[in-house]
Number of protein chains: 2
Amino acid sequence: MVTINSAPGRGDAFDPECPTRVVLDRIGDKWTVLVIGSLVDGPLRFSALRARIGGVAPKVLTQTLRAMERDGLLTRTVHAQVPPRVDYELTPLGTSLTGPIATLTEWAETHLVRILTARDDYDTQAEAR
Amino acid sequence: MVTINSAPGRGDAFDPECPTRVVLDRIGDKWTVLVIGSLVDGPLRFSALRARIGGVAPKVLTQTLRAMERDGLLTRTVHAQVPPRVDYELTPLGTSLTGPIATLTEWAETHLVRILTARDDYDTQAEAR
DNA sequence: CAGCATCCGTTCTGATACTG
DNA sequence: CAGTATCAGAACGGATGCTG
């Protein structure tokens, strides 16, 4: 049994098992969303992922992939070959995350201009002082 | 004019103006979602917010609030009184963010158990080695 | 009351170089 | 090919003390 949301309606950012925190910690990460986006069309191997995303240090990519694997978002398949070949593929769970992400992206695209404008106003305001 | 999503379907995590990144950077922050959650029922003053959230250093809370104000998510109203009194209130923009957050929270609550189970499996697996 | 200044330990990040 | 090892720099988080 797992206790969910001990403080209903509020959430507890300290609780490492707070559902929202768990998810936010993962997709708040720069690389995770890019990995998901890169894998929606099908499995990819390490170097392909690396090339597709661009600018990722191998270490960081590995970290990201391991974290996602641990959370059951993707599978890591090692083929016993020389040279080695490792495929990464989204699990159904990982794929299902694309939904909420899309919602967020939509909101983001719709409201970005407002945010950017607000920033601009704020900054010129501050500048004036 | 603002260019949106220069690399359609993929997103560019490096572009500081990528809509998804802007939003993710904000709500990926531990405190932002708590602030939003605390303000949905109406405006609150600094100390009330602080008490409601619990465990926030004033500096960090200020940072969060400033960032949110800058993005137009909330307003900061200073009342000319002694002692000073400052009210924080969600803007319509800020309120509209509760939608996507709710979507995410729902997903999170639905799938948390799976994630936690996956972690457990992964960890015991690693432990066995 | 609201918050700024300061400081410090920790974490994160990425670059670079090397290996099974 | 698919990582691991190492390391320096930056960013962050938080505690403390002080002020308009």
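Chain letters run A, B, ... following the sequence lines, proteins first, then strands; residues in each count from 1. These numbers come from a predicted model, not from an experiment.
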Presence of A:R66 side-chain N/O under 4.0 Å of D:dT4 phosphate oxygens OP1/OP2: yes

A:T105 backbone acceptor or donor facing B:T20 side chain under 3.5 Å: no

Each nucleotide N or O in nucleotides 11-14 of chain C that has a protein N or O under 3.5 Å away: list the pair and distance.
{"residue": "C:dG14", "atom": "OP2", "partner": "A:W31", "partner atom": "NE1", "Å": "3.4"}
{"residue": "C:dG14", "atom": "N7", "partner": "A:K59", "partner atom": "NZ", "Å": "3.4"}
{"residue": "C:dG14", "atom": "O6", "partner": "A:K59", "partner atom": "NZ", "Å": "2.3"}

Nucleotide D:dG3, atom C1' - distance to CG of A:L61 in whole Å: 10 Å

Distance test, side-chain N/O of A:R50 to OP1/OP2 of D:dG3, below 4.0 Å: no

Donor-acceptor contact present, side-chain B:W107 to main-chain A:S96, <3.5 Å: yes

Approximate separation, where rounding is to 0.5 Å, of B:R26 CZ and B:M68 CE: 8.5 Å

Axis deviation across the helix from C:dC1-D:dG20 to C:dG20-D:dC1, five-pair ends, to the nearest 10°: 50°

B:R70/A:D123 salt bridge by N-O under 4.0 Å criterion: yes

Euclidean distance, atom CG of residue B:L65 to atom C1' of C:dC1 [Å, nearest integer]: 14 Å

Plane angle bin for B:F14 and A:W31 - parallel if under 30°, tilted between 30 and 60°, otherwise perpendicular: perpendicular

Presence of A:R45 side-chain N/O under 4.0 Å of D:dG3 phosphate oxygens OP1/OP2: no

Atom pair CZ/CZ of A:R50 and A:R45 - distance to nearest 0.5 Å: 13.5 Å

B:S47 vs C:dC1: side-chain N/O to OP1/OP2 distance below 4.0 Å: no

Nucleotide D:dG3, atom C1' - distance to CG of A:L49 in whole Å: 13 Å

